[in-house]
Amino acid sequence: MKKYIFILLLVAISAFSQEKILLNADKKFKQERYPDAIKVYEQLVKDGDSTVAVFQHLADANYFNANYEKASIWYQKLYRLDPNCSSEYLYRYGQSLKSAENPKKAIAILELYAKKANSENRSKLFIKYNGVANTDDKLTNAFKTVNLGVNSTKSDYGGNLNGDTLIFASARSQNVADTKYRRTEQSFTNLYYTTLKASGELPEPKLFSVNTYSKFHEATPAFSKDGKTMYFTQNELKINDKGEAVNGLYKIYKSVFKNGKWDASVKAAIIVNDTSRVAHPAFSADEKYLYFASDMFGTLGESDIFKAKINEDGSYGKPENLGSKINTEGRESYPFITSDNKLLFASDGHPGYGGFDIFVLDLDNPNALPINLGSTINSPMDDFAMVWNREKKTGLFTSNRKGGKGDDDIYLFEEVVPFVFETDLTIKGTLQDIVSKNYLQGAQVVLLDNIGNVISTTKTDDKGFYSFEPIKSNLTYSIRIEKEGYDMQQKTISVSKYETEINVPFVVSALKVKFEIGTDIAKLIKINQIYFDVSKYFIREDAKIELDKIVVFLNTNTEVKIEIGSHTDCRQSSIANQILSQKRAAATLNYLVEKGINKDRLTAKGYGESKLVNKCADGVKCTEAEHQYNRRSTFVVVE
């Protein structure tokens with residue numbers, strides 16, 4: 001008995017120990033100490049603790065630290081264990097698969113996500129663009145990129161230029177308070193600078209300024225046009241219960257260049273709520289607004305892009321969310337505004353190549369759509385923090401793509417093909433009757449902008465064709481089409497930047513028509529005759545096309561009941577023909593029922609050879625074509 005008690009005690013102690021280890025791992029995960037948490041979770045899996053919660057945290061810890069290939073492995077294990085996992089895990093799984101360069105499987109998983117989260121903006125964008133980036137292959141050759149020589153083996157990112165001086169964030173080791181950031185196991189990032197020499201060389205970077213330095217993070221500087229005002233991201237110092245200065249949340253700080261040096265930085269009081277993160281500042285083109293990323297109240301996703309007015313007294317207006325055209329349920333961050341008022345931003349919510357992708361939006365055009373900058377700028381990994389001098393056709397961006405020097409690297413890019421934000425295109429289409437398949441002439445077609453203003457009108461020609469040209473790309477339009485006797489239709493289309501021609505066909509239904517008992521629907525809607533092969537009663541392929549028109553009519557006129565009358569030619573005996581025609585009527589009825597028509601609305605009656613439509617009775621010599629006219633079906637209204 002004592003032996004069993006001892007064994008039970010060991011089991012209880014082991015279970016308690018496992019629970020304690022799991023709680024420790026969860027604590028590290030909550031503190032964003034992802035490398036430490038991953039080690040503990042992986043050990044728990046080795047020890048047999050393969051639960052949904054462990055797989056969730058293992059996958060997320062890798063995902064949040066941009067270890068997408070490993071994340072895809074753990075998301076796969078999670079999905080196998082819990083196929084009904086939340087849509088957010090499906091989205092991250094699909095994104096991780098893209099970064100792991102498994103696009104086919106990524107699309108399959110993201111299709112599951114889109115069905116599960118069909119109300120989300122990300123889902124709608126995925127469906128709208130079929131899961132691929134809103135871009136064009138032409139952009140592949142629009143830019144050239146090169147890895148800058150200043151990158152280290154650690155994270156270097158968020159580069160910006162102030163004159164000929166490059167300022168950027170780096171996690172490279174340095175002697176001053178070289179403490180580790182437990183999320184990445186690298187040093188906290190500080191601002192570094194290097195000034196371009198006349199020879200074109202960039203000297204070894206140095207710490208930027210003592211007055212903008214802290215023992216925690218500094219990153220993503222933004223400079224005014226005169227180069228004397230800088231906003232940047234910094235971790236706020238917080239005092240804990242022990243009186244120690246500890247790492248707080250990201251905030252935006254401001255420093256001004258005076259008397260040959262940058263003065264002590266001051267936190268920009270953009271929002272009062274200290275529980276929100278505010279980061280990655282950018283000046284508007286006229287320097288009247290400050291753009292930034294935040295997870296403050298009112299965000300649509302994990303982080304959104306906002307703007308706030310910079311008042312003359314140095315205070316800030318109420319932050320404005322840039323809305324769902326830009327922000328999604330995912331992460332939108334790293335804004336930058338070009339001198340010609342184009343917004344650059346990074347997103348993992350808009351369809352792209354994997355991880356963060358860089359997008360551009362024309363702020364001067366209220367109808368413009370975000371454009372993915374293509375596969376030279378964007379990679380399967382994270383691409384972000386782009387600055388673009390549109391006059392000089394050059395700029396910088398950050399990427400952790402394969403082939404770099406370290407973690408995140410800064411890349412120089414050159415615009416080798418002029419980048420334009422809109423091109424001329426043609427919108428065209430046809431108008432067709434859904435039942436008869438005839439093309440309809442004389443219909444009025446109206447082109448409207450996204451707020452309902454009429455841009456142009458035209459009419460369909462004798463082939464049912466219409467067109468509008470030239471029309472500007474990278475916009476959203478509506479097309480309304482009206483034809484007397486038919487239902488009005490309107491379609492909304494979003495035209496991407498590089499499309500040169502779009503086909504928008506319309507198929508319309510006739511309004512309900514008046515008819516009486518005894519009317520043959522086949523004649524009313526002018527369908528081709530339903531014919532059968534000799535001595536056969538199966539439905540031919542050409543007959544199915546016509547029967548589908550009957551289905552449309554019956555679905556439109558839901559109170560109508562009909563008699564399906566089937567007929568034969570005179571060959572064979574009258575009894576045999578009667579039996580054959582009944583089989584033909586029954587086969588026709590069954591086809592309509594299979595297409596969703598209630599059986600109670602249908603009657604099948606075989607008439608044999610009793611109602612011939614021509615002279616081809618017994619004893620009369622006729623051609624095969626003439627006999628064919630008698631092998632038919634009718635659809636007569638009986639109620």
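Under 3.5 Å, the side chains of E218 and S214 contain a donor-acceptor pair of N or O atoms. Using modelled atom types, one finds a donor on one side chain and an acceptor on the other under 3.5 Å when comparing S339 with E391. Side-chain contact, D263 with N211: no donor N or O sits under 3.5 Å from an acceptor N or O. No donor-acceptor contact under 3.5 angstrom links the side chains of N400 and D407, judged on distance only. Inspection of the H57 and D26 side chains reveals an N or O donor paired with an N or O acceptor under 3.5 Å. For S255 and T212, the side-chain atoms include no donor-acceptor pair closer than 3.5 Å. A donor and an acceptor atom, one from each side chain of S152 and D156, are located under 3.5 Å apart. In the model, T189 has no side-chain atom that pairs as donor or acceptor with a side-chain atom of S170 under 3.5 Å. Inspection of the D383 and Y353 side chains reveals no N or O donor paired with an N or O acceptor under 3.5 Å. Side chains of T328 and E332: a donor on one and an acceptor on the other come within 3.5 Å. The closest side-chain donor-acceptor pair between S303 and S333, if any, does not fall under 3.5 angstrom. Judged by distance alone, the side chains of D362 and N341 never bring a donor and an acceptor atom under 3.5 Å apart.
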| field | Criterion side-chain contact (heavy atoms from CB on, under 4.5 Å) on F168 and N160, from CA distance to verdict | value | CA-CA 6 Å; F168 63 98; N160 205 340; over 6 Å; no
| request: Please report the C-alpha distance between S265 and K254 in whole Å, then the side-chain angles of each, then the deciding distance to 0.1 Å, and finally whether the side-chain contact (heavy atoms from CB on, under 4.5 Å) criterion is met. | output: CA-CA 5 Å; S265 56; K254 177 183 178 182; over 6 Å; no
| said: Could you walk me through whether D226 and K228 satisfy the salt bridge (charged side-chain N to carboxylate O under 4.0 Å, His left out) test, starting with their C-alpha distance in whole Å, then the side-chain angles of each, then the deciding distance to 0.1 Å, before giving a yes or no? | reply: CA-CA 6 Å; D226 64 9; K228 294 182 178 180; 5.9 Å; no
| request: Please assess L344 against T338 for the test side-chain contact (heavy atoms from CB on, under 4.5 Å), listing each intermediate value before the final yes or no. | output: CA-CA 8 Å; L344 297 162; T338 65; 4.2 Å; yes
| said: Applying salt bridge (charged side-chain N to carboxylate O under 4.0 Å, His left out) to R122 and E88, what does each step give before you reach the verdict? | reply: CA-CA 11 Å; R122 287 181 303 186; E88 190 60 39; 2.7 Å; yes
| field | Derivation of the side-chain contact (heavy atoms from CB on, under 4.5 Å) call for E111 and K116 | value | CA-CA 9 Å; E111 284 175 348; K116 197 162 192 173; over 6 Å; no
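Shown here is K77, whose NZ atom has no more than 12 heavy atoms of other residues, nucleotides or ligands within 6.0 Å. The 12-atom threshold is not exceeded at NZ of K70, counting heavy atoms of other residues, nucleotides or ligands nearer than 6.0 Å. Heavy atoms of other residues, nucleotides or ligands lying less than 6.0 angstrom from OH of Y193 number 12 at most. For K288, the NZ atom sits in a loose shell: 12 or fewer heavy atoms of surrounding residues, nucleotides or ligands are nearer than 6.0 Å. The 12-atom threshold is exceeded at CD of E42, counting heavy atoms of other residues, nucleotides or ligands nearer than 6.0 Å. Environment of CG in N259: sparse, with no more than 12 heavy atoms of neighbouring residues, nucleotides or ligands closer than 6.0 Å. Counting heavy-atom neighbours within 6.0 Å of K225 NZ, excluding the residue itself, gives a total above 12.
The backbone N or O of H350 sits less than 3.5 Å from a side-chain atom of S347, completing a donor-acceptor pair. Panel note: side chain N311, backbone D313; no donor-acceptor pair is recorded below 3.5 Å. Here the side chain of D408 pairs no donor or acceptor atom with the backbone of Y157 at under 3.5 angstrom. N121 places a side-chain N or O within donor-acceptor distance of the main-chain N or O of S324, the cut-off being under 3.5 Å. For the pair K128 (side chain) and F126 (backbone), a donor-acceptor distance under 3.5 Å is absent. With hydrogens and angles disregarded, a donor-acceptor distance shorter than 3.5 Å links the side chain of N389 to the backbone of K392. In this structure a side-chain-to-backbone donor-acceptor pair under 3.5 Å is missing from N67 to Y63. Remark: side-chain polar atoms of R183 are not paired, donor with acceptor, to backbone N or O of P35 under 3.5 angstrom.
Nearest approach of G355 to D382, heavy atoms of both residues: CA-OD1, 3.3 Å. Annotation for N321 and T299: closest pair ND2-CA, 4.0 Å, computed over non-hydrogen atoms. Scanning both residues, G158 and A385, for their nearest heavy atoms gives CA-CB, 3.8 Å. A pairwise comparison of heavy atoms in L361 and P370 identifies CD1-N, 3.5 Å as the closest pair. For the pair L148 and L166, the tightest heavy-atom approach, listed with the atom from each and the gap, is CD1-CD2, 3.9 Å.
For the ring pair (Phe, Tyr, Trp, His ring centres under 6.0 Å) with F216, the qualifying choice from Y181, Y250, Y253, F188 is F188, the only one to do so. Each of E236, E302, E32 was checked for a salt bridge (charged side-chain N to carboxylate O under 4.0 Å, His left out) with R277, and the lone residue meeting it is E32.
A cation-pi contact, defined as under 6.0 Å to the ring centre and within 45° of the axis, links R331 to F356. Geometrically, R182 does not engage Y34 in a cation-pi contact defined by less than 6.0 Å to the ring centre and at most 45° from the axis. A cation-pi arrangement is present between K309 and Y289 under the rule of less than 6.0 angstrom and at most 45 degrees off the ring axis.
Ring geometry for F384 against Y334 counts as tilted: the plane angle lies between 30° and 60°, on a 0 to 90° scale. Taking the six-membered ring where the residue is Trp, W388 and F413 present perpendicular rings, their angle passing 60° and hence far from 30°. Y93 and Y79 have tilted rings, their planes meeting at an angle from 30° to 60° on a 0 to 90° scale. Aromatic ring orientation, F208 versus W262: tilted (interplanar angle from 30° to 60°).
To the nearest 0.5 angstrom, F55 atom CZ is 6.0 Å from L81 atom CG. In this structure, NZ in K405 is found 15.5 Å from NZ in K154, a value given to the nearest 0.5 Å. Atoms CG and CZ, from L396 and F336 in turn, are 9.5 Å apart once rounded to the nearest 0.5 Å.
For residues 105-125, the pairs satisfying ring pair (Phe, Tyr, Trp, His ring centres under 6.0 Å) are Y91-Y113, with sequence neighbours left out.
Aromatic pair F292/H280: centroids not less than 6.0 angstrom apart.
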